There are 2 protein chains.
Amino acid sequence: MAGSRRGPRERMVFSAAQLIRRDGVGATGMRDVAAHAEAPRGSLQHYFPGGKEQLVNEAVAWAGRYAARRVARFLAGMAEPTPSGLFAAMVRQWTEEYETAGHLSGCPVAAATVDCASSAASTRQAAATAFATWARPVAEALTGMGVPADRAGSLATLMISALEGALIIARAEADPRALTTVVRELGPLLDAAVRKD
Amino acid sequence: MAGSRRGPRERMVFSAAQLIRRDGVGATGMRDVAAHAEAPRGSLQHYFPGGKEQLVNEAVAWAGRYAARRVARFLAGMAEPTPSGLFAAMVRQWTEEYETAGHLSGCPVAAATVDCASSAASTRQAAATAFATWARPVAEALTGMGVPADRAGSLATLMISALEGALIIARAEADPRALTTVVRELGPLLDAAVRKD
DNA sequence: AGCCGGTTATGACGGCGGTCATAGTAGCGG
DNA sequence: CCGCTACTATGACCGCCGTCATAACCGGCT
C-alpha cells in the first residue's frame, strides 16, 4: 500500500480511520492504531498531544477530504456525467470493497458520529465539517450537470444520507443489496432533477 | 414514564437501547444500564447470562419491534395515508425529539451495527433482523397505498436508509436540517411510485 | 567532540470494563 | 420449619485502555 511511503504521522491518521470504520471508536485502541500503522507507540503522544480525541478528529477530517477527492476523481473519469452516475460511482466504492474483501466496513465519519456525538463536542464538530467537505463537491457537480442551485445542496444531502444509511443496513445484512437498491431507486429521481433545456 | 411499570428485565433492555443509541455500544457499560433502569446490578447476570452481547442483542431486537409498532400506529392515525406522509411521520419522531429534548440521539440498531458488525456475529444478525422487522410493515403499507409490490420492498429500504443516514448527519451537525431535507426531497419520489389508476 | 531538537522506547499508573464467585433475601409449597 | 427456586447484593478478579514520566536514540550543526 502506498501508505507506508508517507510519514508516520499521516500513517497513524490513516490507520485510525481504517480501524474506526471497522470497529468503531470505542473499540479502537491507541495501541492498535500504532501497531496497524507500524509506527512507534511513543509517537502517539508526540504527534497527537491532544490524545485520542485529536487523533479521531484528524481521522474524521482526513476521511472527509478523502471522500471529496473521490468525488472529484469520479467526475473526471466520467465522459457524460449524470447525477445517477455520480451516485452510482460513490456507492460502487463500497460494493467493490465487498466483492474484493468479502465483507463490508463502514464509514469512519459515521462511526465517529455514532460513538462521539453525545460525548465529545469537538469530534461531533469534526464530523459535521467532514460531511460538509464531502457534500460540497457533490452539490457543485450537480449544479454543473444542470440541477437548479437551490436543490443541489438538498440532493447532495439526500445522496449522502441514502449512502450512509444503506451502508449500515448492508453491513448488518452482510450483503450489499441495500446499496444497489438505493442506487436503483434513487437514480431516476436524481436525473429527473436536471433542468431540461 | 410507563417503563417503570414493567418488570426489571424489560426495563434493562429498554435502558440499554436508550443508552446505546446515545453513547454507542462501546461506551455503554453494564453498570450504567442497571443504574439507568433502576435495577439491581446483580440481576444483569441473572437475566442475561449471555453477558453484554445478549443484552445488546435484545435491545436491538426490541428497537426493531418498537420501530415496526410505530409504523403501524402512524398508519392507523393517518386518514389518507400516502408514502410521503408515512415517511414524514417516521422522520418526525426524531425532529420532535430534537424540539423537546434540544438534542438528537441516534438509532440503537445503527449504533450496534457500527460498533459490532465486524466483531460480534450475533449482534450483526440481530441488527439485520431488526431492520427486516422494521422494513416489513413499511413495505406492506406501501403496497396498501398502491405501490407495485416489486418496488415496495426497495422503497422501504430506501426510506430507512435515507432516515438513518440523515439522522447521522443531523447528529453531526447538531441540527435536524438533514432530516427535513430528505423528507422534502424524497417525498415526491415516493408518492410518484403509487400506481395511477 | 559536544550539544540539541525532534523522535522513539518502555514501563508504570490509575481507572474502568465485563465477568465470576459467593452469599444473602423473599416468597412459597410441603 | 424445611427446602427450594427466583432474585438480589457485593466484592473481587483480570484485563485493557488512555495517559504520563522518563530515558534513550539520532541526525545535524557549531
Side-chain angles (χ1 to χ4, degrees), chain A residues 3-20 22-60 108 111-112 114-116 118-123 126, chain B residues 3-20 22-60 108 111-112 114-116 118-123 126:
Chain A
S4 36
R5 261 307 196 200
R6 293 179 232 263
R9 192 183 197 283
E10 188 173 355
R11 280 211 317 273
M12 285 190 275
V13 173
F14 176 79
S15 291
Q18 240 181 308
L19 295 179
I20 286 171
R22 196 186 58 187
D23 302 324
V25 173
T28 300
M30 303 282 276
R31 291 164 170 84
D32 304 343
V33 173
H36 183 275
E38 298 179 61
R41 213 192 69 185
S43 300
L44 279 171
Q45 69 177 294
H46 186 259
Y47 290 115
F48 307 96
K52 187 177 189 179
E53 193 167 322
Q54 180 186 357
L55 177 57
V56 171
N57 293 356
E58 294 205 21
V60 166
V114 165
D115 280 346
C116 311
S118 299
S119 57
S122 72
T123 303
Chain B
S4 37
R5 262 305 196 200
R6 294 179 232 261
R9 193 183 195 284
E10 188 173 355
R11 280 213 315 275
M12 284 190 277
V13 173
F14 176 78
S15 290
Q18 240 181 308
L19 295 180
I20 287 170
R22 194 186 58 188
D23 302 323
V25 173
T28 299
M30 303 283 276
R31 293 165 171 84
D32 304 343
V33 173
H36 183 275
E38 297 180 63
R41 210 192 76 190
S43 300
L44 279 171
Q45 70 178 291
H46 182 70
Y47 290 115
F48 308 96
K52 186 176 189 178
E53 193 168 324
Q54 181 187 357
L55 177 59
V56 171
N57 293 356
E58 295 204 21
V60 167
V114 166
D115 280 346
C116 310
S118 299
S119 58
S122 72
T123 302

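None of these values were measured; they are calculated from a predicted model. Naming convention: chains lettered A, B, ... in sequence-line order (proteins, then strands); numbering from 1 in each chain.
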Starting from the C-alpha separation in whole Å, work towards a yes-or-no answer on side chain to side chain donor-acceptor pair (under 3.5 Å) for D23(A) and T28(A). CA-CA 6 Å; D23(A) 302 324; T28(A) 300; 4.7 Å; no
Check step by step if side-chain contact (heavy atoms from CB on, under 4.5 Å) holds for V25(B) and K52(B). CA-CA 9 Å; V25(B) 173; K52(B) 186 176 189 178; 4.2 Å; yes
Among R11(A), Q18(A), M12(A), exactly one meets side chain to side chain contact (heavy atoms under 4.5 Å, CB included) together with F14(A). Which residue is that? Q18(A)
Distance in angstrom units between [X] [atom1] and [N] [atom2], rounded:
X      : N       : atom1 : atom2 : value
Q45(A) : dA24(D) : CD    : C1'   : 14 Å
H46(B) : dC7(D)  : NE2   : P     : 4 Å
F48(A) : dC20(D) : CZ    : P     : 15 Å
Q54(A) : dG18(D) : CD    : P     : 15 Å
R41(B) : dG24(C) : CZ    : P     : 17 Å
L44(B) : dT19(C) : CG    : P     : 10 Å
D32(A) : dT19(D) : CG    : P     : 14 Å
R11(A) : dT7(C)  : CZ    : C1'   : 13 Å

Side chain of K52(B) only, please: which of dA9(C), dG17(C), dT8(D) is the nearest? dG17(C)
Can you find a pair of side-chain heavy atoms, one from F48(A) and one from M30(A), that are under 4.5 Å apart? no
Toward the 5' end of DNA chain C, which comes first, G42(A) or R31(B), by nearest nucleotide? G42(A)
Please determine whether a side-chain nitrogen or oxygen atom of Y47(B) lies at a distance below 4.0 Å from atom OP1 or OP2 of dA6(D). no
If only side-chain N and O atoms of S43(A) are considered, is one of them under 4.0 Å from the OP1 or OP2 phosphate oxygen of dT7(C)? no
